[in-house]
Amino acid sequence: MCGIFGIIGSKRNELGGILLKGIKRLEYRGYDSVGMAALDNGAIDVKKAAGKVDEVNKQLNFPKLIGNAGLAHSRWATCGGVTDNNAHPHQSCDKMITIVHNGIIDNFEELKQDLVKKGHKFSSETDSEVIAHYFEEKLASKSMREICVDFLREIKGTFAVLILKKDEDRIYALRRDSPLVLGICNDKNILASDIYAFSDLTNKAIFFENDEFAIVEKEKYGFFNKEGKEILKTIQEFKWEQEESEKKKYKHYMIKEIKEEPAVVKRLLFSLKTEQKDHFKKFIDLIKKSKKIVFTAAGTSYHASLLGVYYLHKCGIEAQTLIASEFRHFASVDKDTLVIAITQSGETMDVIDALKYVKEKDGKIASIVNVPYSTIQRMSKISLNILAGQEICVAATKSFVNQVTLLLAIAKEFGFKINLDNLPERIYGMLKSEEKISKLAKEIHRKRDIYVLGRGLSYPVAREVALKIKEISYIHAEGMMGGELKHGTIALIEDGTPVISLISNKDYDMLSNTKEVEARGARIIKITNEFDGDIKINTSNDGKFGILAAIFGQLLTYYIALEKGLPIDKPRNLAKSVTVK
Ligand code: F6R
């Protein structure tokens with residue numbers, strides 16, 4: 001995780017403002033601490049502290065930083081606690097080298113021991129600081145370019161690193177596995193974790209591949225491979241839909257993004273008939289041609305993939321899904337296997353790792369992605385965009401809805417019966433239950449545990465609802481198969497324990513499971529389209545039920561968290577893009 005941003009060629013007085021804007025756009029990658037470095041006439045000024053960007057900016061006034069080059073970093077702590085000292089940038093003992101880093105240096109303990117023996121003094125507990133001392137140590141006998149080659153050979157782990165050397169007007173940038181992209185402007189160049197960070201300044205970008213480095217100046221740049229040989233790279237012109245990312249009248253991005261769901265579903269469905277039509281057809285053909293279909297994903301996207309498996313099975317297509325972080329251990333892949341990655345960010349390290357395994361085994365890769373030009377999209381033979389637009393709240397809401405909508409559109413091509421045209425209207429109808437759901441939230445917001453039960457299509461939704469409740473409203477929640485409850489978990493049901501039961505159509509087995517917990521004193525919250533319940537879902541279609549029940553869970557989560565006064569858009573310990581294993 002962590003967001004990194006660097007600029008060379010800015011006007012002196014504009015540097016701090018540009019760094020601040022850039023790092024705000026990357027804050028979704030981590031918000032434990034933030035820091036910046038400004039290079040001005042051979043002097044480097046570093047300001048950094050623990051806290052979110054806005055909080056720290058109030059304290060340190062980043063726009064006051066002046067210079068022609070600078071670095072910025074927003075941290076999601078991996079190695080070393082959330083402290084001012086552990087915030088990036090980090091510097092060498094002589095302050096000649098200043099770095100920001102996203103990733104994990106696996107062999108940092110050995111490197112550090114060696115550097116300490118040579119007299120280096122460390123001022124943080126991070127693995128990243130070792131990079132600054134590593135360069136400082138080697139500078140006695142080598143050029144920066146030579147040290148970059150050594151770095152790619154000797155460093156184990158993952159990294160996107162930006163480096164400033166005090167007496168040079170250039171930024172050194174190195175990448176392995178953590179995302180890094182160069183944004184090319186006429187009079188300046190920018191380096192960042194994603195293109196969104198500079199999409200207001202340029203639409204020209206060069207993506208770093210693994211084990212490449214670049215030396216970037218104001219009006220020129222050079223890319224090099226791990227042997228240090230200069231390489232030619234292609235400039236990609238990208239289109240970034242400029243979306244209003246303001247919260248406008250909403251208190252939080254989470255509720256704003258939930259309310260956008262009818263519109264983003266409409267946009268996706270339209271694009272499948274227009275600009276994504278050919279791609280969509282090719283995607284379907286690829287599924288038809290493949291002997292084996294395996295989805296892979298993490299978190300919420302994994303729950304969407306479980307629904308995908310369910311829908312495909314309903315129309316006779318054999319498919320399975322595997323959590324990305326366990327993919328290598330449980331998947332068998334060969335050249336006839338099509339692996340479909342589902343990911344909002346397109347950068348989740350576990351998913352990237354699963355896809356690397358697919359490549360090793362000669363399997364084919366397709367993906368369903370929200371963030372265009374992301375690493376996973378670029379790794380795929382074919383990729384569809386879910387077009388949910390930028391999702392700022394850490395919790396996935398509208399992106400989940402569009403992932404599932406796209407999976408339904410795919411299943412429909414194989415015979416799944418569904419009218420998707422009225423889905424936006426149905427979602428709109430579901431959003432009208434907001435008041436009822438907020439009352440429910442008031443009733444249960446102090447509970448310690450919540451259980452969510454589902455069967456068949458409502459099982460993945462039960463897991464998704466539970467995940468939302470955990471991450472945003474900090475209540476322990478378990479989403480499970482209704483049938484599995486009696487095999488152990490039922491022992492935890494006490495008088496008044498909330499149990500949310502998702503009952504689609506005439507699922508009498510699910511109804512029996514609900515009664516079993518009710519008989520043991522649970523406070524049942526029935527979400528159903530068929531029976532009497534707390535929330536009525538207005539559809540008889542299994543596909544739409546899944547989406548609408550998930551939206552119930554999103555609203556319930558939001559209102560519980562609101563009642564508890566929690567930091568809804570930036571929950572503790574989390575980040576939007578999970579780029580570590
Ligand atoms: C939950 C959530 C996470 C992500 C997971 C995968 O609300 O957002 O569980 O779903 O980290 O992320 P992507 O979809 O970007 O691969």
Side-chain angles (χ1 to χ4, degrees), residues 1 3 26 28-31 76 178-179 193-194 196 252-255 257-258 261 295-308 321-327 339-355 365 367-380 383-404 406-407 452 460-461 463-474 477 479 550-551 553-558 560-561 566-581:
M1 347 261 251
L26 292 172
Y28 72 89
R29 304 178 64 86
Y31 34 81
W76 186 83
S178 302
S193 302
D194 72 21
Y196 171 60
H252 299 98
Y253 282 109
M254 183 174 183
I255 191 71
E257 288 162 1
I258 293 172
E261 287 168 348
F295 289 96
T296 189
T300 287
S301 300
Y302 171 73
H303 300 148
S305 75
L306 273 173
L307 281 168
T321 181
L322 280 168
I323 286 264
S325 57
E326 292 295 335
F327 194 87
V339 176
I340 305 177
I342 304 186
T343 165
Q344 187 284 131
S345 62
E347 298 293 348
T348 302
M349 183 65 88
D350 290 329
V351 182
I352 292 174
D353 189 57
L355 298 184
I365 298 173
S367 61
I368 293 177
V369 174
N370 192 34
V371 177
Y373 312 98
S374 49
T375 303
I376 290 169
Q377 188 155 76
R378 288 181 291 114
M379 284 175 90
S380 313
S383 182
L384 289 170
N385 291 318
I386 59 163
L387 300 176
Q390 202 192 1
E391 199 173 55
I392 303 226
C393 174
V394 162
T397 53
K398 60 177 179 169
S399 62
F400 175 78
V401 167
N402 268 22
Q403 287 169 342
V404 179
L406 183 47
L407 290 164
V452 193
V461 184
R463 290 194 53 183
E464 173 55 13
V465 172
L467 179 62
K468 287 287 99 83
I469 294 173
K470 280 185 277 196
E471 66 177 331
I472 303 297
S473 47
Y474 302 169
I551 295 172
Q554 296 170 357
L555 286 170
L556 182 72
T557 298
Y558 177 76
I560 295 177
L566 297 174
I568 292 180
D569 289 330
K570 294 194 180 101
R572 71 179 169 219
N573 305 338
L574 292 173
K576 186 80 185 153
S577 184
V578 186
T579 58
V580 290
K581 273 206 228 171

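The structure presented is a predicted model; accordingly, all values stated were derived computationally and were not measured. All ligand and atom numbering here is 1-based and tracks the order in the structure.
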K.L.:
At a 4.0 Å threshold, what atoms of ligand 1 neighbour a non-hydrogen atom of Val394?
P.N.:
8 (O)
K.L.:
With heavy-atom distances below 4.0 Å as the criterion, list the atoms of ligand 1 near Val578.
P.N.:
11 (O)
K.L.:
Quick one: does Tyr31's side chain get under 4.5 Å of Val394's, heavy atoms only?
P.N.:
yes
K.L.:
Just heavy atoms, cut-off under 4.0 Å: does Lys576 contact ligand 1 by side chain, backbone, both, or neither?
P.N.:
neither
K.L.:
Please list the nearest protein heavy atom to atom 12 (O) of ligand 1 with its residue and the distance rounded to 0.1 Å.
P.N.:
Thr348 OG1, 3.4 Å
K.L.:
Closer than 3.5 angstrom, by distance alone: can the side chain of Glu347 be matched with the main-chain N or O of Pro179 as a donor-acceptor pair?
P.N.:
no
K.L.:
Ignoring hydrogens and geometry, is there a side-chain-to-backbone donor-acceptor pair from Lys468 to Ser473 under 3.5 Å?
P.N.:
no
K.L.:
Output the list of atoms in ligand 1 that are nearer than 4.0 Å to some heavy atom of Ser345, sorted by atom number.
P.N.:
13 (P), 15 (O), 16 (O)
K.L.:
If I take atom CZ from residue Arg463 and atom CG from residue Leu306, how far apart are they, to the nearest 0.5 angstrom?
P.N.:
6.5 Å
K.L.:
How far is atom 6 (C) of ligand 1 from the closest protein heavy atom, and which atom is that?
P.N.:
Ala298 O, 3.3 Å
K.L.:
Under 4.0 Å from any heavy atom of Ala396, which atoms of ligand 1 are there?
P.N.:
7 (O), 8 (O)
K.L.:
If you measure from each heavy atom of Lys468 to ligand 1, is any distance below 4.0 Å?
P.N.:
yes
K.L.:
Have a look at ligand 1 and work out which part of Thr343, if any, has a heavy atom under 4.0 Å from it: side chain, backbone, both or neither.
P.N.:
both
K.L.:
Does any N or O in the side chain of Asp350 come within less than 3.5 Å of the main-chain N or O of Ala324, such that one atom is a donor and the other an acceptor?
P.N.:
no
K.L.:
Hey, which atoms in ligand 1 end up nearer than 4.0 Å to a heavy atom of Ser301?
P.N.:
10 (O), 13 (P), 14 (O)
K.L.:
Check each of Ile472, Thr300, Thr296 against atom 9 (O) of ligand 1 and report the one with the nearest heavy atom.
P.N.:
Thr300
K.L.:
Working to the nearest 0.5 Å, report the span between CD1 of Ile342 and CG of Leu384.
P.N.:
10.5 Å
K.L.:
Taking side chain to side chain donor-acceptor pair (under 3.5 Å) as the criterion, tell me which of Glu261, Glu391, Gln344 meets it with Ser399.
P.N.:
Glu391
K.L.:
Using the side chain to side chain contact (heavy atoms under 4.5 Å, CB included) rule, take Ile392 and Asp569 through it: C-alpha gap first, then chi angles, then the decisive distance, then the call.
P.N.:
CA-CA 7 Å; Ile392 303 226; Asp569 289 330; 5.9 Å; no
K.L.:
Find all atoms of ligand 1 within a distance of less than 4.0 Å from any non-hydrogen atom belonging to Gly299, and give their numbers and elements.
P.N.:
9 (O), 10 (O)
K.L.:
May I ask you to list the atoms of ligand 1 that are less than 4.0 angstrom from any heavy atom of Glu471?
P.N.:
1 (C), 7 (O)
K.L.:
Any N or O of Gln403 that comes nearer than 3.5 Å to an N or O of ligand 1?
P.N.:
no
K.L.:
Report the distance from atom CG of Asn370 to atom OG of Ser301, rounding to the nearest 0.5 Å.
P.N.:
9.5 Å
